[in-house]
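Both backbone and side-chain heavy atoms feed into the values below; hydrogens, waters and symmetry mates do not. Remember, it's 1-based here, ligands and their atoms both numbered in the order they're listed.
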Amino acid sequence: METPVIVAIDGPSGTGKSSTSKAVAAKLGLAYLDTGAQYRAMTWWMLNNGVDVTDPAEVALAAGKPQIVSGTDPAAPVISVDGQDVSAPIRTQQVTSAVSAVSAVPEVRGRLVELQRAAAAGAARGIVVEGRDIGTTVLPDATLKIYLTASEEARAARRNGELKGKEAVGLAATREALAKRDAADSGRRTSPLAKADDAVEVDTTELTLDQVVERIVTLIGERAAR
Ligand SMILES: Nc1ncnc2c1ncn2[C@@H]1O[C@H](COP(=O)(O)OP(=O)(O)OP(=O)(O)O)[C@@H](O)[C@H]1O
Ligand SMILES: Nc1ccn([C@@H]2O[C@H](COP(=O)(O)O)[C@@H](O)[C@H]2O)c(=O)n1
(Lines give C-alpha, C1' and ligand atoms only; values in the text may rest on other atoms or scores of the structure.)
(Ligands and ions follow the chains in the order given, each with its own letter.)
Protein backbone atom coordinates (compact mmCIF):
# COMPACT_ATOMS: atom_id res chain seq x y z
CA MET A 1 0.00 0.00 0.00
CA GLU A 2 1.22 3.53 -0.79
CA THR A 3 2.30 5.86 2.03
CA PRO A 4 -0.52 8.33 2.81
CA VAL A 5 0.16 11.91 1.70
CA ILE A 6 -0.18 14.43 4.52
CA VAL A 7 -0.49 18.07 3.46
CA ALA A 8 -0.47 20.90 6.02
CA ILE A 9 -1.83 24.27 4.85
CA ASP A 10 -1.50 27.21 7.25
CA GLY A 11 -1.75 30.96 6.97
CA PRO A 12 -3.60 34.07 8.10
CA SER A 13 -7.35 34.61 7.61
CA GLY A 14 -8.67 35.00 4.09
CA THR A 15 -5.56 33.78 2.28
CA GLY A 16 -7.55 30.99 0.63
CA LYS A 17 -6.75 28.03 2.90
CA SER A 18 -10.23 26.45 2.84
CA SER A 19 -10.93 26.93 -0.89
CA THR A 20 -7.47 25.70 -1.83
CA SER A 21 -7.39 22.76 0.59
CA LYS A 22 -10.80 21.48 -0.50
CA ALA A 23 -9.89 21.73 -4.18
CA VAL A 24 -6.49 20.04 -3.74
CA ALA A 25 -8.04 17.21 -1.70
CA ALA A 26 -10.84 16.69 -4.23
CA LYS A 27 -8.41 16.68 -7.14
CA LEU A 28 -6.13 14.08 -5.54
CA GLY A 29 -8.80 11.95 -3.86
CA LEU A 30 -7.57 12.86 -0.38
CA ALA A 31 -9.52 13.54 2.81
CA TYR A 32 -9.86 17.15 4.03
CA LEU A 33 -9.96 18.63 7.53
CA ASP A 34 -10.89 22.23 8.39
CA THR A 35 -9.41 22.74 11.87
CA GLY A 36 -10.71 26.33 12.02
CA ALA A 37 -14.23 24.89 11.89
CA GLN A 38 -13.40 22.82 14.99
CA TYR A 39 -12.29 25.92 16.95
CA ARG A 40 -15.42 27.66 15.73
CA ALA A 41 -17.58 24.72 16.84
CA MET A 42 -16.00 24.79 20.30
CA THR A 43 -16.63 28.56 20.46
CA TRP A 44 -20.25 28.17 19.27
CA TRP A 45 -20.85 25.61 22.03
CA MET A 46 -19.32 27.90 24.70
CA LEU A 47 -21.44 30.86 23.59
CA ASN A 48 -24.57 28.71 23.61
CA ASN A 49 -23.87 27.28 27.03
CA GLY A 50 -23.28 30.50 28.94
CA VAL A 51 -19.49 30.17 29.17
CA ASP A 52 -17.72 33.52 29.55
CA VAL A 53 -15.33 33.25 26.58
CA THR A 54 -13.18 36.08 27.95
CA ASP A 55 -12.35 33.99 31.03
CA PRO A 56 -9.66 31.40 30.11
CA ALA A 57 -10.25 29.42 33.33
CA GLU A 58 -13.96 29.03 32.54
CA VAL A 59 -13.19 28.06 28.95
CA ALA A 60 -10.59 25.54 30.12
CA LEU A 61 -13.07 23.89 32.49
CA ALA A 62 -15.67 23.54 29.73
CA ALA A 63 -13.28 22.43 26.96
CA GLY A 64 -13.88 18.70 27.49
CA LYS A 65 -17.68 18.90 27.29
CA PRO A 66 -18.78 19.33 23.64
CA GLN A 67 -18.55 16.30 21.36
CA ILE A 68 -17.20 17.65 18.08
CA VAL A 69 -17.28 15.44 14.98
CA SER A 70 -15.76 16.59 11.67
CA GLY A 71 -16.50 15.07 8.27
CA THR A 72 -13.46 14.71 6.01
CA ASP A 73 -15.12 14.65 2.57
CA PRO A 74 -13.87 17.74 0.66
CA ALA A 75 -17.16 17.80 -1.29
CA ALA A 76 -19.27 18.00 1.89
CA PRO A 77 -17.20 19.23 4.85
CA VAL A 78 -19.78 18.95 7.64
CA ILE A 79 -19.21 19.46 11.35
CA SER A 80 -21.45 18.60 14.28
CA VAL A 81 -21.53 19.34 18.00
CA ASP A 82 -23.35 16.85 20.24
CA GLY A 83 -25.06 15.47 17.13
CA GLN A 84 -26.25 18.84 15.78
CA ASP A 85 -25.00 20.03 12.38
CA VAL A 86 -23.37 23.43 13.09
CA SER A 87 -21.86 24.07 9.65
CA ALA A 88 -23.87 27.31 9.27
CA PRO A 89 -24.01 28.79 12.81
CA ILE A 90 -20.23 28.56 13.31
CA ARG A 91 -19.80 31.16 10.52
CA THR A 92 -21.64 34.03 12.25
CA GLN A 93 -19.87 37.26 13.23
CA GLN A 94 -20.56 36.46 16.88
CA VAL A 95 -18.50 33.26 16.64
CA THR A 96 -15.82 34.89 14.46
CA SER A 97 -15.33 37.65 17.04
CA ALA A 98 -14.97 35.21 19.93
CA VAL A 99 -12.97 32.37 18.35
CA SER A 100 -9.45 33.75 18.89
CA ALA A 101 -10.00 34.04 22.65
CA VAL A 102 -11.28 30.46 22.88
CA SER A 103 -8.56 29.02 20.64
CA ALA A 104 -5.84 30.61 22.79
CA VAL A 105 -6.75 28.37 25.74
CA PRO A 106 -4.32 25.39 25.98
CA GLU A 107 -7.03 22.94 27.15
CA VAL A 108 -9.08 23.71 24.03
CA ARG A 109 -6.06 23.17 21.79
CA GLY A 110 -5.09 19.94 23.53
CA ARG A 111 -8.55 18.50 22.95
CA LEU A 112 -8.78 19.53 19.30
CA VAL A 113 -5.21 18.60 18.35
CA GLU A 114 -6.03 15.07 19.52
CA LEU A 115 -9.03 14.97 17.11
CA GLN A 116 -6.89 16.41 14.30
CA ARG A 117 -4.12 13.83 14.69
CA ALA A 118 -6.68 11.03 14.84
CA ALA A 119 -8.27 12.25 11.58
CA ALA A 120 -4.86 12.33 9.88
CA ALA A 121 -3.94 8.88 11.18
CA GLY A 122 -7.25 7.46 9.91
CA ALA A 123 -6.98 8.82 6.36
CA ALA A 124 -5.97 5.79 4.29
CA ARG A 125 -4.86 7.66 1.13
CA GLY A 126 -3.88 10.86 2.90
CA ILE A 127 -5.36 14.18 3.96
CA VAL A 128 -5.13 17.93 3.50
CA VAL A 129 -5.37 19.66 6.88
CA GLU A 130 -5.74 23.44 7.06
CA GLY A 131 -5.34 25.78 10.00
CA ARG A 132 -2.82 27.96 11.81
CA ASP A 133 -0.44 25.50 13.52
CA ILE A 134 -0.68 22.35 11.42
CA GLY A 135 2.87 22.46 10.08
CA THR A 136 4.44 23.69 13.33
CA THR A 137 2.57 21.61 15.93
CA VAL A 138 -0.19 19.27 14.80
CA LEU A 139 1.55 17.38 11.97
CA PRO A 140 5.24 18.31 12.08
CA ASP A 141 6.13 15.31 9.84
CA ALA A 142 3.71 16.26 7.04
CA THR A 143 4.75 15.30 3.50
CA LEU A 144 4.32 18.92 2.41
CA LYS A 145 3.76 22.11 4.38
CA ILE A 146 2.35 25.20 2.70
CA TYR A 147 2.13 28.66 4.23
CA LEU A 148 -0.39 30.76 2.27
CA THR A 149 -0.20 34.54 2.36
CA ALA A 150 -1.92 37.44 0.55
CA SER A 151 -1.92 41.20 1.02
CA GLU A 152 -4.28 42.58 3.63
CA GLU A 153 -6.14 44.48 0.86
CA ALA A 154 -6.72 41.33 -1.18
CA ARG A 155 -7.85 39.33 1.83
CA ALA A 156 -10.27 42.01 2.99
CA ALA A 157 -11.71 42.38 -0.52
CA ARG A 158 -12.23 38.61 -0.83
CA ARG A 159 -13.85 38.32 2.59
CA ASN A 160 -16.01 41.41 2.04
CA GLY A 161 -17.24 39.96 -1.27
CA GLU A 162 -18.34 36.83 0.59
CA LEU A 163 -20.23 38.76 3.26
CA LYS A 164 -22.25 40.87 0.83
CA GLY A 165 -25.96 40.73 1.59
CA LYS A 166 -25.39 38.68 4.76
CA GLU A 167 -23.50 40.34 7.58
CA ALA A 168 -21.63 42.89 5.41
CA VAL A 169 -19.84 45.56 7.47
CA GLY A 170 -17.80 47.33 4.76
CA LEU A 171 -14.25 46.96 3.48
CA ALA A 172 -12.48 48.99 6.18
CA ALA A 173 -14.22 47.20 9.04
CA THR A 174 -13.60 43.81 7.41
CA ARG A 175 -9.91 44.62 7.04
CA GLU A 176 -9.69 45.78 10.64
CA ALA A 177 -11.41 42.61 11.90
CA LEU A 178 -9.05 40.38 9.87
CA ALA A 179 -5.99 42.22 11.20
CA LYS A 180 -7.26 41.98 14.77
CA ARG A 181 -7.88 38.22 14.50
CA ASP A 182 -4.48 37.61 12.87
CA ALA A 183 -2.74 39.62 15.61
CA ALA A 184 -4.49 37.60 18.33
CA ASP A 185 -3.75 34.29 16.56
CA SER A 186 -0.08 35.20 15.98
CA GLY A 187 0.42 36.62 19.45
CA ARG A 188 -0.97 33.84 21.64
CA ARG A 189 1.42 31.81 23.79
CA THR A 190 0.29 28.29 22.77
CA SER A 191 0.76 27.23 19.14
CA PRO A 192 0.52 30.66 17.53
CA LEU A 193 -0.10 31.16 13.82
CA ALA A 194 3.37 30.71 12.32
CA LYS A 195 5.17 29.47 9.23
CA ALA A 196 7.04 26.22 9.85
CA ASP A 197 10.74 26.50 8.96
CA ASP A 198 10.31 23.87 6.24
CA ALA A 199 7.03 25.23 4.81
CA VAL A 200 6.78 26.52 1.24
CA GLU A 201 5.33 30.04 1.21
CA VAL A 202 2.80 30.77 -1.54
CA ASP A 203 1.66 34.38 -1.94
CA THR A 204 -1.86 34.18 -3.43
CA THR A 205 -2.37 37.94 -3.92
CA GLU A 206 -1.90 37.87 -7.68
CA LEU A 207 -2.89 34.23 -8.27
CA THR A 208 -6.27 32.78 -9.15
CA LEU A 209 -7.58 29.92 -7.03
CA ASP A 210 -6.86 27.50 -9.92
CA GLN A 211 -3.26 28.69 -10.12
CA VAL A 212 -2.74 28.18 -6.37
CA VAL A 213 -4.27 24.70 -6.57
CA GLU A 214 -2.07 23.77 -9.55
CA ARG A 215 1.06 24.96 -7.74
CA ILE A 216 0.30 22.88 -4.66
CA VAL A 217 -0.68 19.78 -6.65
CA THR A 218 2.66 20.04 -8.48
CA LEU A 219 4.56 20.37 -5.19
CA ILE A 220 2.75 17.32 -3.78
CA GLY A 221 3.66 15.29 -6.88
CA GLU A 222 7.33 16.28 -6.48
CA ARG A 223 7.37 15.39 -2.76
CA ALA A 224 5.55 12.10 -3.22
CA ALA A 225 8.07 11.07 -5.92
CA ARG A 226 11.06 11.55 -3.57
N1 LIG B 1 -6.44 32.76 -5.11
C2 LIG B 1 -7.60 33.36 -4.88
N3 LIG B 1 -7.97 34.42 -5.61
C4 LIG B 1 -9.12 35.07 -5.37
N5 LIG B 1 -10.02 34.73 -4.41
C6 LIG B 1 -9.70 33.68 -3.65
C7 LIG B 1 -8.50 32.95 -3.84
N8 LIG B 1 -8.46 31.96 -2.91
C9 LIG B 1 -9.59 32.08 -2.18
N10 LIG B 1 -10.35 33.11 -2.65
C11 LIG B 1 -11.63 33.59 -2.08
O12 LIG B 1 -11.28 34.27 -0.88
C13 LIG B 1 -12.27 34.04 0.12
C14 LIG B 1 -11.58 33.49 1.36
O15 LIG B 1 -11.08 32.21 1.05
P16 LIG B 1 -11.01 31.06 2.12
O17 LIG B 1 -12.25 31.01 2.96
O18 LIG B 1 -10.62 29.84 1.40
O19 LIG B 1 -9.81 31.61 3.02
P20 LIG B 1 -9.27 31.08 4.40
O21 LIG B 1 -7.81 31.32 4.41
O22 LIG B 1 -9.71 29.67 4.62
O23 LIG B 1 -10.00 32.04 5.43
P24 LIG B 1 -10.26 31.87 6.99
O25 LIG B 1 -8.96 31.56 7.62
O26 LIG B 1 -10.78 33.19 7.44
O27 LIG B 1 -11.25 30.74 7.14
C28 LIG B 1 -13.28 33.11 -0.51
O29 LIG B 1 -14.36 33.90 -0.97
C30 LIG B 1 -12.56 32.47 -1.68
O31 LIG B 1 -13.43 32.12 -2.73
N1 LIG C 1 -5.26 25.31 13.54
C2 LIG C 1 -6.04 26.34 13.90
C3 LIG C 1 -7.14 26.72 13.15
C4 LIG C 1 -7.92 27.76 13.59
N5 LIG C 1 -7.62 28.38 14.75
C6 LIG C 1 -8.50 29.41 15.31
O7 LIG C 1 -9.79 29.34 14.74
C8 LIG C 1 -10.15 30.58 14.15
C9 LIG C 1 -11.08 30.36 13.00
O10 LIG C 1 -10.36 29.78 11.92
P11 LIG C 1 -10.89 29.93 10.41
O12 LIG C 1 -9.82 29.25 9.60
O13 LIG C 1 -12.20 29.25 10.34
O14 LIG C 1 -11.00 31.39 10.14
C15 LIG C 1 -8.83 31.28 13.88
O16 LIG C 1 -8.96 32.69 13.85
C17 LIG C 1 -7.99 30.82 15.08
O18 LIG C 1 -8.30 31.59 16.22
C19 LIG C 1 -6.52 28.01 15.46
O20 LIG C 1 -6.21 28.60 16.51
N21 LIG C 1 -5.75 26.99 15.03
Side-chain angles (χ1 to χ4, degrees), residues 8-25 32-44 46 53 59 68 70 74 77 79 86-87 90-106 108-117 119-120 128-139 142 145-164 166 174-175 177-194 196 202-216:
I9 302 193
D10 293 300
S13 305
T15 48
K17 297 181 300 298
S18 298
S19 330
T20 305
S21 301
K22 271 186 276 192
V24 168
Y32 160 71
L33 182 65
D34 178 355
T35 64
Q38 296 179 317
Y39 288 97
R40 288 172 177 274
M42 180 70 83
T43 304
W44 174 87
M46 302 255 169
V53 295
V59 170
I68 297 171
S70 298
I79 182 157
V86 293
S87 309
I90 61 168
R91 304 286 164 195
T92 61
Q93 286 302 317
Q94 192 199 13
V95 171
T96 302
S97 306
V99 67
S100 292
V102 171
S103 67
V105 176
V108 167
R109 303 203 73 80
R111 178 104 196 284
L112 295 182
V113 168
E114 213 173 285
L115 294 183
Q116 292 155 12
R117 288 183 177 148
V128 182
V129 184
E130 57 131 325
R132 303 293 190 288
D133 63 337
I134 310 305
T136 55
T137 304
V138 180
L139 301 168
K145 299 176 187 177
I146 299 289
Y147 192 77
L148 286 188
T149 61
S151 71
E152 220 172 78
E153 290 83 357
R155 296 190 287 124
R158 291 173 186 175
R159 188 56 84 218
N160 205 48
E162 261 181 356
L163 295 174
K164 253 181 208 135
K166 287 197 271 176
T174 303
R175 186 173 169 167
L178 279 179
K180 193 173 164 199
R181 191 147 62 96
D182 288 343
D185 292 342
S186 307
R188 69 177 172 235
R189 192 184 291 263
T190 311
S191 270
L193 159 67
V202 177
D203 184 343
T204 71
T205 309
E206 303 292 341
L207 299 176
T208 65
L209 178 57
D210 284 349
Q211 287 171 326
V212 181
V213 171
E214 269 317 307
R215 190 165 293 188
I216 294 174

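- Panel note: side chain Arg40, backbone Thr43; no donor-acceptor pair is recorded below 3.5 Å.
- Scanning the protein for heavy atoms near atom 27 (O) of ligand 1, the closest one is Arg159 NH2, 3.5 Å.
- The shortest non-hydrogen separation linking Thr136 to Ala194 is CG2-O, 3.6 Å.
- Contacts with ligand 1 closer than 4.0 Å are made by side-chain heavy atoms of Arg132 only, the backbone lying farther away.
- Ranking protein heavy atoms by distance to atom 20 (P) of ligand 1, first place goes to Lys17 N, 3.4 Å.
- Side chain of Lys17 to main chain of Gly11: a donor-acceptor pair is present (N/O by atom type, distance under 3.5 Å, no hydrogens or angles).
- In summary, the atoms of ligand 2 found under 4.0 Å from a heavy atom of Ser103, numbered by their order in the structure, are 6 (C), 17 (C), 18 (O), 20 (O).
- Residue contacts with ligand 1 do not include Gly11, since none of its heavy atoms lies under 4.0 Å from the ligand.
- Heavy atoms of Arg181 come nearer than 4.0 angstrom to ligand 1 in at least one pair.
- With a 4.5 Å cut-off on side-chain heavy atoms, Leu207 and Arg215 count as touching.
- Shortest contact from atom 14 (O) of ligand 2 to any protein heavy atom: Arg181 NH1, 2.8 Å.
- The nearest protein atom to atom 7 (O) of ligand 2, hydrogens excluded, is given as Tyr39 CB, 3.5 Å; this is a heavy-atom distance.
- Looking at Asp10, Asp34, Val95, Asp185 and measuring to atom 17 (C) of ligand 2, the nearest heavy atom belongs to Asp185.
- A distance-only check finds a donor-acceptor pair linking the side chain of Ser103 to the backbone of Ser100 [under 3.5 Å].
- When all heavy atoms of Ala196 and Lys145 are compared, the closest pair comes out as CB-CD, 3.8 Å.
- When all heavy atoms are compared, the tightest approach of Gln38 to Ser70 is NE2-OG, 3.0 Å.
- Arg158 NE, 3.5 Å is the protein heavy atom nearest to atom 4 (C) of ligand 1.
- With respect to atom 28 (C) of ligand 1, the closest heavy atom belonging to the protein is Glu162 OE2, 3.0 Å.
- Of all atoms in ligand 1, listed by their number and element, those nearer than 4.0 Å to a heavy atom of Gly16 are 8 (N), 9 (C), 15 (O), 16 (P), 18 (O), 19 (O), 20 (P), 21 (O).
- Every atom of ligand 1 is numbered from 1 in the order shown, and the set under 4.0 Å from a heavy atom of Ser19 is 9 (C), 15 (O), 16 (P), 18 (O), 30 (C), 31 (O).
- If you number the atoms of ligand 1 from 1 as listed, the ones under 4.0 Å from a heavy atom of Ser18 come out as 18 (O), 20 (P), 22 (O).
- Each of the atoms 1 (N), 2 (C), 21 (N) of ligand 2 lies under 4.0 Å from some heavy atom of Asp133.
- Contacts between Leu207 and ligand 1 below 4.0 angstrom, taking non-hydrogen atoms only, involve the backbone exclusively.
- For atom 10 (O) of ligand 2, the candidate residues are Ser18, Gly36, Ser186; the nearest heavy-atom contact is made by Gly36.
- Considering backbone and side-chain N/O atoms, Thr15 comes within less than 3.5 Å of an N/O atom of ligand 1.
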### Test side-chain hydrogen bond (donor to acceptor under 3.5 Å, both in side chains) applied to Arg158 and Thr174, step by step
CA-CA 10 Å; Arg158 291 173 186 175; Thr174 303; over 6 Å; no
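- In this structure, the protein non-hydrogen atom closest to atom 13 (O) of ligand 2 is Arg40 NE, 2.7 Å.
- Within the 4.0 Å heavy-atom shell around ligand 2 one finds Ser100.
- Just one of Asp34, Asp185, Leu112, Val95 meets the side-chain contact (heavy atoms from CB on, under 4.5 Å) condition when paired with Tyr39; it is Leu112.
- Contact annotation: for Thr208 versus ligand 1, heavy atoms closer than 4.0 Å belong to the backbone alone.
- For the side-chain contact (heavy atoms from CB on, under 4.5 Å) test with Arg155, the passing option among Thr15, Asn160, Thr205 is Thr15; the others fail.
- At least one heavy atom of Arg109 sits less than 4.0 Å from an atom of ligand 2.
- Within the structure, ligand 2 has Arg188 among the residues with a heavy atom less than 4.0 angstrom away.
- Remark: side-chain polar atoms of Asp10 are not paired, donor with acceptor, to backbone N or O of Leu193 under 3.5 angstrom.
- At a threshold of 4.5 Å between non-hydrogen side-chain atoms, the residues Arg132 and Ser13 count as touching.
- Within the 3.5 Å criterion, the main-chain N or O of Val138 finds a donor-acceptor partner in the side chain of Arg117.
- Of the protein's non-hydrogen atoms, Thr35 OG1, 3.3 Å is the one closest to atom 3 (C) of ligand 2.
- Contacts of Arg132 with ligand 2, taken as heavy-atom pairs under 4.0 Å, involve both backbone and side chain.
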